[in-house]
Amino acid sequence: MISSIDQTKSTIKLSRLVKKFSILGVFTGLIFISCTKDFEAINTDPQGFTTATDGSLFNNVIQSLVPTGNELFYIENEILYKQTQLAALTNAAWGNFTIGTEDIWSNYYTTLPEIRELEKRFDTYDTIGEVRNMRAMLKITRALKTFKVTDLFGDMPFSEAGYGFQNLALLHPKYDSQRDIYLSLLDDLAWADENLDVFATTEEPFKSFIAFDKLFHGDMLQWQKLANSLRLRYALRMSEVEPELGGAIIKNILENDRPVIDGYDFVTSKLESACLWPITAGFKHEALNWSFREHENLRMGSVFWSFVSYHDSTDGSGIFDPRAIIFFETNNANEWKAYPQIPPAGTPPSGGIPYESHRDQEGAYSIKGESSIYSAFNYFLIRDEDQMPIIFVTGAEVHFIKSEVYFRGIGVAEDKMQAEIEYFNGINSSVEWWLQRAENSKLPLSGIEFPEVITIPQWLNAATVQGRFGFWNATTEEEKLRFIYAQWWLDAFRQPQEAYALARRTGMTPREGDPLNHFRLPYPPSEAAYNAENMNEAISRQGGDSPETKLWWMP
Amino acid sequence: MKKSLLSLAILVFLIYSASAQTVTIFGNVTSANDGAPLPGVTIRIKSTTNGTITDIDGHFTLKDLQPENILVVSFIGYDTQEITIGNNKNFNIQLVESAELLEEVVVTALGITRQKREIGYSTEKIEATMITDSKAPNVLNAITGRSAGVQISQPDGIEGGSTRIVIRGNNNIGSDNQPLIVVDNIPLENTPGLTNIGRGVDWGSAINDLNAYDIESMTLMKGGAASALYGSRGANGVLFITTKRGTKQKGIGVTYNMDYKTTTPYLFRDVQNTYGAGGPISFTPPSFPTNGDTLLYPGIYGNENLIINQAGETSSTSAEFGYYGSAVSWGPKMEGQAVKWWDGEMRSYSPQPDNLKIPFHNGFTTTHNVSATGGGDKGTMRVSFTRQDNKAIVDNSDFNRTTINLGANLKISDKLRTDVTLSFIQYQRKNSPMLGEDRNSFNKGLLYCWPRSYQGIDKLNYALPDGSQNPQEGFPFNDISPTLWWEYYNNNTTQNRDKYTGALSLSYDPFTWLNILGRVSRDYTVEQFETRNKPTDVLGYLNGYYSNGLSRNRGDNYDFTMTANKDHIFSSGFDVSFTTGASRWSQDYYYINGHSGTWYYPNMYTLFNFTETTYINHPDGHTIIDNQGNTASEMIPTEGILRKRNNSVFAFLNLSYKKYLYMELTGRNDWSSALPLNNNSYFYPSVSLSFIPTEAFDVLKSVPWMNFMKIRGGVAQTATDTDPYLLSFYYNTSLFGGQQSSGFPGIIPPIELRPQRVNAYESGINLGLFDNKIDIDFTWYYLYSFDQIIPNLPVPVSSGASNIMTNEGVLSNKGFEIIINAVPVQTKNLVIRTGINFARNRNKVVSLGGNADSYLLADIWGLNGPAMILREGDAYGTISGYDYVYDDNGNRVVNDAGTKYLITDSRVPIGNASPDFIAGWNTSLQYKGLRLGMLIDTKWGGDIYSGSYVIGLQTGQSPETLIEREGGGLPYTDPAGNTSNIGIILEGVHEDGTPNTNVVHYYYKYLPNAGGWGKFVSTPGILDNTWVKMREIILSYTLPQPWIQKTKVFQNLTLSLTGRDLFYIYKTLPDNINPEGIMGSGNAQGFEWAANPGTRSFIMSLTAGF
């Protein structure tokens, strides 16, 4: 009896308790569930950008045209100058080119998402001329970037690449053959030539978009010229293996007189080029300076020297080409001295500090280091982060392309006379264009103890170059062709990748020693680590991954 | 009538009773150890509820006792005594400290105190004395070797650096694995200091701020069930720390502690002292270059003119030996020759046996602590003040810390209590040294850049007489700053951290069976980093730099719990306790950092010291820079904001049946601001059981040696959220050409995020044997961590991103822990205790999800050297690197010339850093006031990649590189035709399978062991790193109470001498390389490169009570 009363009491107590607790539980639950409403605000990064304008994305694409320090250091300075013999590498490379290949690879592929995003956005816009212009600008820039990478590596991920943010199924993109990439990009460039509307009015979204155009500042004709110049360059490059396809493109441009970048017109200098100019675009090309300051091993080589000076006098009395003085400078004893391109045993080592920043300082310009006994790169050329452009195409190159196609009759009828005209146009425009660079170049604290600009003797000009390398000095047709390639090669002094392509395609650029047997860069290790299956398929298709493996377009 | 009679009888009986022989006794209770009075001891009369407790002086009085009464004297932590009164009236009772090991009371989740026997999961309690006696640099280090399955490591660095603690292995692939540290219910932010395994500056972590003298106890909650109630943040285990609240004390209640510590760097790398600077620039015997008759400083690198054979064929040093540092000591013998040094002075080319000690000296740390405590019926309070001053083992890196701590509780009424803790910590540190592979790290200099003939002249003359920087013209050492010592002394960064923590709780008991508790707490830290780089010129402009960064971190907690208890519910044998509650934790972090530019004003350390860039118009129309200065965007300060909130509700139910069966059920639901709205609420439960057969079955009670047995088991799930700001897609943005440039981030954001979870299974058995003099605790556990949030799983960059964030990884941990504690000797005056703990854990990467095969945890030289890479199916801790190529018979393959081993194209697993087991053995002997304690701990097995070892070989610094140089090699004829016994054969076979018999120069044996600027073989650096260490020896003496009382000043006085990190009893690393010099406190453990020397310390201390 008693226990049953107790039990009832307990039950009442318990039910009260349960009631109390459930009220509390619901209450606390309510408090907290209602509190999740602040979560979105709490979890928003006040400094994060959730939107990006078309122009700012395009600006990022243009920004990626600036090569990174590692690319300049490990690929240009360590490999390309040596392989092309545009300069001499005086101390063995560390062999650490993978830092450079990784940089080239990631610079290209991490810009693709911006390009893919813009392509996706443009698909939703009206197809008015202004939008077609935006599309063309993007296609041209994409082609410029892609050609550069494929010409270093060969096959590469392209059609499936850069879509990781849009499609998780494409995290491991397959490799496209270089031929497919070439044809696709050349189609894009042809589309750009056809669709660019140089008279388009600046309406939105075009107006905002071109405000970000650091390359040509909205000048559509320049974009069109770049597109056609690139078509010429790459059509010629593949014409060794695809003469018909390549020739057709060249023919189309030359016969229809499509606008291209122009260097010289008989007597009129145009001196056009497609470059990114740090000072006008508003950035500093710090990587350029760094890549030499930290490297210190490049010097003027004997091959280059033999193409700019009649003889080896160290006082420079044999120099006939002003570009010798623009590209290089004297050693610590104010002498012109080239490092032997193939150094015999016992060659005194090079050393010194010709690229270091102390030369900016008052009174220190002349100090190049006790052991700096060979001519180094001109300090202005590698130190001027403002005026020295990042070159994509020069007017001279286009003339040399035309000279070769007329000379060899590629796509157009053979015309030796026209070839000679273009050849001289090429020399004129290259020399004058580089003289202009010399005149405008400036060091950070100039005007104190060292020359304000590169000083070039008055008597050196394009004519003195022609005096040595005029067609009339050639004894054979082959030598004339070699002259064309040599001047083309000289013009590409700050585009060693173009000189490398020319050397690989023709095998006829200036050279000492064995023929070139370095044709490409091995794929970067990160691809082997994370995209091995696709990479290995491409390697077996191409016959290897070594520098000796030839690219598709190489004869 | 009957009633009256009865009443009378009772009255008579009472009178009789009253007039019978009742006695009043007086007594005092002291500790048998030191004779100190014990207040609060319970004196009960057996079989009654009557009794009393001792007063503050240990005295007690009891009246109306019969001689046959038996006193039961009991006190927590002491053995209970029974004393028959007899004819005595004065009792001097000495209590002996309890040696029984199972009556421990531990603090569990949310600060709830429970008897250890009830608990169904593994917890370990560390007493305050153990922490203070260890004199460890911080409270985590004090646990080293004392707790099973808890791996504590002190990464390379000097005192004041980070400490890494991991309980039962890694549960996270891509995020922190360290447990949550809770101090007085306030979660402490303890982000690890330096996690980079290659290089960096370690500014330490917040745990260093905890003052050992303020700690009452620490409890480690290891298993999932233990930490389930801490939710997301406790998934890696919880270290629960309680600080002191004060007690009633005899005397004025003031205690003073003083420690004086000397830290000595002693474990320097073994090196040869015969040969000095010089690279392998010729195969002829090393010689000095000369200028006339003057010997010049030897060169490091040759060019293409290295003559490699008698046919006159040439190669280059870099082609033959790759890249090596300028510490190469392959030069001439150091015989005191007069050599024109690189600075132009003639100096003696002589052995420098002590040059590895150049940056180091003894360090000193003094700690003073004063605390006052007191209390009464209404509550207790303790205040303490601690000051610590450290002089580091290197110059210009000292720190000091001031701690003020207050703990109090107040009984407002019978039903209402409040508890307050407040602490203020001020920490100042100057310049933590640069560690590892950095051009400003002197340890790199000692290992990689400065040869055996290095005399440290650049340290002596880093400044010119006019006070400007000595540019060290002619400095011949690569990859290290020529002006390192200038920067070391003149470029100063000062860290100033003010930390305020406070908690207030209010506890209300409306009924005896119900408790309601509310608590608010805050952890508030303001930290400032100020950098001042002194200008290097006389005028005070050049290279001057100033920066100031200020950060503020606020962690707020609100807890509310309600607990109901009912014993014998419904008159059954069940006791029930039910708790429900809610909590909120939020973090709000902000920093701002500004810096000066190119200085415009001399010697002016301010943010406005910069130079504006000015432009002029060139006649051509171009704008050109007239004066190079700073652009506006360079001068904008950076700032960062991080905010996060977690809300939770939880409940737990404890059931016990007749003191032998216990069950705990918990459930918690969290809401996290860092997870998407559809997934931000997540629930996770736990259950644990504990069964005590020795209580349940009478038959077991008859087993004389078996006093106690407990079988326990638990299953729990914990869940963790992730970092904030991962839900939205954010563009990277920068300025290019003065306009916005928007790019995609390097990581593809997760499509959907859900919490990552750990399922934890644990079971164990406790045994108390032989009067509980031996206590055995065995635990087995299995952890399955799934839905891992991996923030940066690598994908090919051709996808457009380098990484993707996924939510799919799986890790597992399984292992066991054994703890055995014993009291082999216990007499009134002598107690010997000993304990062993042993743990083995296997940590496996089960899955990384579908998007990648491997996850790069860390590397030092990018793709060129060894790395810690997680691959599916591998053990966590696998070290990968470039291995030798082996033929089918396991022989290394060597090239045709016999000069080089072939190495693999890609990185393959070559070692594993996980130890076979970790263990500790502690033992102590107490004889009256004298105590001798000792702790030995071991890490057995597990590999290390030791950069110091391979660079020592490569640079010819290691003693073993002397063998061939001293003529212990094979006959070898150099290109000049000299034959001497300096040759070696690289053991192995050629690619065609024929054994290599080519004798080549010894350079080919040593130089390729390490490399740089290109991939190099990693295998030689993989070494077994087993060590057994004498971690601490303590000798302390507490003066006997009678002596103390004569002083009339002291209440107690203890003197002690402690030696810490004394020596390695056994170690497998060669060349005296520091076995614990592992870089970084991140998840990648197992890389060493130019570690600091090992240090040991001696501490004298004094504790006085007033």
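Letters A, B, ... mirror the listed sequences (proteins, then strands); counts begin at 1.
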Where does [X] contact chain A at under 4.5 Å (heavy atoms): side chain, backbone, both or neither?
X      : result
B:L793 : neither
B:I307 : neither
B:S586 : neither
B:P745 : both
B:S906 : neither
B:L677 : side chain
B:N680 : side chain
B:D853 : neither

Open item on the list: Is it true that, when you exclude B:D905 itself, more than 12 heavy atoms of the residues, nucleotides or ligands shown sit nearer than 6.0 Å to its CG?
Closed with: no

So how far is it from [X] [atom1] to [Y] [atom2], rounded to the nearest 0.5 Å?
X      : Y      : atom1 : atom2 : answer
A:S526 : B:L856 : OG    : CG    : 11.5 Å
B:I641 : A:D45  : CD1   : CG    : 7.5 Å
A:F39  : B:R643 : CZ    : CZ    : 13.0 Å

Open item on the list: Going by salt bridge (charged side-chain N to carboxylate O under 4.0 Å, His left out), name the pairs with one or both residues in residues 736-751 of chain B, residues two or more places apart or in two chains.
Closed with: none

- [ ] Would you mind listing every salt bridge (charged side-chain N to carboxylate O under 4.0 Å, His left out) that reaches into residues 725-741 of chain B, with sequence neighbours excluded?
- [x] none

Non-hydrogen side-chain atoms of [X] and [Y] separated by less than 4.5 Å:
X     : Y      : result
A:T51 : B:Y730 : no
A:I62 : B:F736 : yes
A:I42 : B:D588 : no

Leading residue by heavy atom contact count with chain A [cutoff under 4.5 Å; candidates [options]]:
options                        : answer
B:S734, B:G640, B:G743, B:G738 : B:G743
B:N851, B:L726, B:L727         : B:N851
B:S681, B:S802, B:P796, B:S854 : B:P796

For [X] and [Y], which heavy atoms make the closest approach, and how far apart are they?
X      : Y      : answer
A:L57  : B:Y731 : CD2-CE2, 4.1 Å
B:Y725 : A:P46  : OH-CD, 3.8 Å
B:S798 : A:E527 : OG-OE2, 2.9 Å

Heavy-atom cut-off 4.5 Å, strictly under: side chain, backbone, both or neither for [X] against chain B?
X      : result
A:Q63  : both
A:P525 : both
A:V61  : neither
A:T111 : neither
A:A532 : neither
A:E40  : side chain
A:P524 : neither
A:L170 : backbone

Task: Donor on one side chain, acceptor on other, B:S741 and A:N59, under 3.5 Å - done: no

Task: B:S742 and A:E114: side chain donor to acceptor below 3.5 Å - done: no

Kindly say whether [Y] contributes a backbone atom to a donor-acceptor pair with the side chain of [X] at under 3.5 angstrom?
X      : Y      : answer
A:R116 : B:G800 : no
A:Y163 : B:S799 : no
A:N43  : B:P724 : no

Task: Verdict with reasoning, B:N732 to A:F49, per side chain to side chain contact (heavy atoms under 4.5 Å, CB included) - done: CA-CA 7 Å; B:N732 282 343; A:F49 287 84; over 6 Å; no

Task: Centroid-centroid under 6.0 Å between A:F165 and B:F744 rings - done: yes

Among [options], single out the residue with the greatest number of heavy-atom pairs under 4.5 Å to chain B.
options                      : result
A:T110, A:L112, A:T50        : A:T50
A:A161, A:G48, A:A52         : A:A52
A:S106, A:G282, A:A41, A:S56 : A:S56
A:M535, A:E117, A:E160       : A:E117

- [ ] I would like to know whether B:V797 and A:N531 meet side chain to side chain contact (heavy atoms under 4.5 Å, CB included); could you show each step before the answer?
- [x] CA-CA 9 Å; B:V797 72; A:N531 199 17; over 6 Å; no

TODO: Applying side chain to side chain donor-acceptor pair (under 3.5 Å), run through A:T53 and B:Q740 and close with a yes or a no.
DONE: CA-CA 9 Å; A:T53 60; B:Q740 191 185 0; 5.2 Å; no

